Amino acid sequence: QTLALFFPDAKIQEKVVAELNAWEAQMRYEFYTDALKFIQNLKSHNVTCAIVTSSNKLKMANVEKQIPNFNKIFDKVLTSEDFAASKPNPDCYIKAAKACGCERSECVVFEDAFTGLQTGRDSGIFTIGLSMSDASKPSPTSVTLYSTAIRMSPTRQFYRQNNRYRTRCADKCFRFV
């Protein structure tokens, strides 16, 4: 949808997609510091974890090649092909909640992008903004939304105290290097 706005010609769209796929195949993917521990902690408490991404299945296949047991870490991975409309349309998170077998009131969205934050909020799901920069070294071009949320022990306390949040839908828990 977005591509068509910038490149109305279908042949140019195909070329752009091919070049993007080739570039993404060369990217390195790794978890943010402590993100994997955080997810493993959630899983140890029987919390369903999902990724909701605007990326396509091909890109996620590249991630799976680089991160051992990726498919076992997350219960669901929903990509752009799984939605009729991508973010900022909130349907992606609503569909993820249903795919996880829970109500939106039982979910938490973790987002690092402004569009995704709005999408999470519009879906009616509790949304936490993540800062993907080093909060100890502020940059004039970055805004700390929720400073290093993955590392903070109060986050774990929140989940223990609020066991009604049995399912969380995580979006971006890994980074592109």
Side-chain angles (χ1 to χ4, degrees), residues 27-55 57 59-80 82-83 87 90 92-139 142-177:
M27 292 173 67
R28 285 190 359 212
Y29 303 93
E30 61 186 43
F31 278 96
Y32 280 103
T33 305
D34 294 332
L36 182 57
K37 289 180 195 173
F38 178 73
I39 294 164
Q40 288 170 332
N41 182 287
L42 292 174
K43 299 288 287 175
S44 73
H45 291 91
N46 298 316
V47 175
T48 303
C49 295
I51 288 186
V52 177
T53 181
S54 297
S55 297
K57 290 181 193 256
K59 182 175 183 177
M60 294 312 294
N62 292 325
V63 172
E64 292 168 16
K65 288 177 190 172
Q66 294 183 33
I67 298 178
N69 299 315
F70 182 82
N71 289 330
K72 293 180 182 175
I73 297 168
F74 296 97
D75 301 288
K76 304 280 181 190
V77 177
L78 290 91
T79 64
S80 60
D82 296 314
F83 315 113
K87 299 173 187 176
C92 57
Y93 286 121
I94 296 168
K95 187 170 185 175
K98 289 178 184 174
C100 292
C102 64
E103 299 296 322
R104 287 182 272 171
S105 62
E106 298 174 306
C107 297
V108 176
V109 169
F110 293 93
E111 256 296 350
D112 67 336
F114 288 111
T115 301
L117 288 168
Q118 187 63 51
T119 304
R121 290 175 45 118
D122 289 348
S123 73
I125 297 174
F126 183 80
T127 302
I128 296 175
L130 299 175
S131 171
M132 295 298 122
S133 61
D134 184 346
S136 67
K137 299 175 186 172
S139 158
S142 67
V143 175
T144 301
L145 302 171
Y146 187 85
S147 178
T148 57
I150 289 175
R151 285 189 231 151
M152 297 176 68
S153 60
T155 305
R156 288 190 194 140
Q157 286 179 333
F158 171 81
Y159 294 124
R160 286 192 193 122
Q161 293 168 356
N162 296 282
N163 60 7
R164 66 188 175 102
Y165 294 104
R166 65 178 174 82
T167 304
R168 283 82 175 171
C169 299
D171 184 20
K172 297 186 172 55
C173 292
F174 52 89
R175 64 179 160 186
F176 310 115
V177 180

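Treat the numbers as computed from the prediction; the structure is a model and nothing was measured.
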Contacts of K57 meeting salt bridge (Lys or Arg N to Asp or Glu O under 4.0 Å) (sequence neighbours excluded), chain-then-number -> D82

So CG of L117 and CG of D112: to nearest 0.5 Å the spacing works out to 8.0 Å

OH of Y29 to CG of N62, rounded to nearest 0.5 Å, is 5.0 Å

- Item | Exam field: side chain D75 to backbone C49, donor-acceptor pair closer than 3.5 Å | yes

Between E106 and C102 the two heavy atoms that sit nearest each other are OE1-CB, 3.1 Å

Taken to the nearest 0.5 Å, the spacing of I51 CD1 from T79 OG1 works out to 11.0 Å

Rounded to the nearest 0.5 Å, the NZ atom of K59 sits from the CE atom of M27 at a distance of 5.0 Å

- In terms of heavy-atom contacts, does NZ of K76 have more than 12 from other residues, nucleotides or ligands at under 6.0 Å? no

Notebook entry, point to check: Where do F38 and F110 land on the side-chain contact (heavy atoms from CB on, under 4.5 Å) test, with the steps shown first?
Noted result: CA-CA 12 Å; F38 178 73; F110 293 93; 3.8 Å; yes

Q) Are I73 and I67 side-chain neighbours, meaning at least one heavy-atom pair lies under 4.5 Å? A) yes

Of all heavy-atom pairs linking T127 and G120, the shortest is OG1-C, 3.1 Å

Residues C100 and T48: closest non-hydrogen pair is SG-CG2, 3.8 Å

When rounded to the nearest 0.5 Å, the distance separating CD1 of I39 from CG of D34 is 11.0 Å

Applying salt bridge (Lys or Arg N to Asp or Glu O under 4.0 Å) to K98 and not counting sequence neighbours gives none

When every non-hydrogen atom of S54 is compared with those of S80, the smallest separation belongs to O-CB, 3.3 Å

Here the pair of heavy atoms bringing R104 nearest to G124 is CB-O, 4.4 Å

Shortest non-hydrogen pair, E111 vs K87, comes out as OE2-NZ, 2.7 Å

